[in-house]
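See structure below.
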Amino acid sequence: MTKTKSDHDATGLDQLDPTTTPARDAANFRRILAARANLAAAEQELSDAVHAARDAGDSWSIIGAALDTTRQAAQQRFGA
């Protein structure tokens with residue numbers, strides 16, 4: 001039988017054996033998953049907003065001020 005990538009790289013819930021791991025309310029787990037998804041969406045929105053500002057001609061100094069950081073830090077994080 002050929003093993004798939006998931007057979008070799010099981011992580012998180014894939015590592016739990018349902019016969020030995022008791023079931024619990026998954027509300028907190030779902031909350032963590034939702035927060036991670038929201039964080040990823042917020043990071044993408046921030047990146048898109050910075051790139052739109054640059055495309056519109058805004059300086060790294062202005063963008064840095066909006067991010068409450070230096071222009072150098074803003075350029076290093078979001079620049080090409």
Side-chain angles (χ1 to χ4, degrees):
M1 177 172 115
T2 303
K3 293 198 177 229
T4 65
K5 178 174 172 42
S6 62
D7 292 334
H8 296 288
D9 298 327
T11 59
L13 290 180
D14 295 331
Q15 292 179 337
L16 298 178
D17 180 355
T19 61
T20 60
T21 304
R24 294 189 42 157
D25 181 351
N28 292 321
F29 182 76
R30 287 190 306 271
R31 186 175 172 197
I32 292 168
L33 291 176
R36 284 182 59 210
N38 291 340
L39 183 59
E43 286 289 339
Q44 185 61 56
E45 174 59 22
L46 179 58
S47 179
D48 292 347
V50 169
H51 291 177
R54 287 295 295 158
D55 289 346
D58 291 324
S59 69
W60 284 114
S61 294
I62 295 296
I63 294 168
L67 294 170
D68 195 26
T69 191
T70 65
R71 73 171 175 78
Q72 293 93 338
Q75 187 174 17
Q76 185 175 23
R77 180 174 175 189
F78 297 100

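Quick note: residue numbers are just sequence positions, from 1.
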Enter the distance from Arg77:CZ to Ile63:CD1 here, rounded to the nearest 0.5 Å.
12.0 Å

More than 12 heavy atoms of other residues, nucleotides or ligands under 6.0 Å from CG of Asp68: is that the case?
no

Report the residues that fulfil side chain to side chain donor-acceptor pair (under 3.5 Å) with Thr19, sequence neighbours left out, ordered by chain and then residue number.
Asp17

With a sphere of 6.0 Å drawn around CD of Gln76, does it hold more than 12 non-hydrogen atoms of other residues, nucleotides or ligands?
no

Which atom pair, heavy atoms only, marks the closest approach of Arg71 to Ser61?
CD-OG, 3.4 Å

I need the Trp60 CH2 to Leu67 CG distance, nearest 0.5 Å.
8.5 Å

Residues which pass side-chain contact (heavy atoms from CB on, under 4.5 Å) with Ala37, listed by chain and number, not counting sequence neighbours:
none

Determine whether Leu46 and Ile62 fall in the same hydrophobic cluster, where Ile, Leu, Val, Met, Phe, Trp and Tyr are linked whenever their side-chain heavy atoms lie under 4.5 Å apart.
no

Excluding sequence neighbours, so at least two apart, what forms side chain to side chain donor-acceptor pair (under 3.5 Å) with Glu45?
none

The reported gap from CG in Leu39 to CD1 in Ile32 (rounded to nearest 0.5 angstrom) is 13.0 Å

For Thr69 against Ala73, the heavy-atom pair lying closest together:
OG1-CB, 3.2 Å

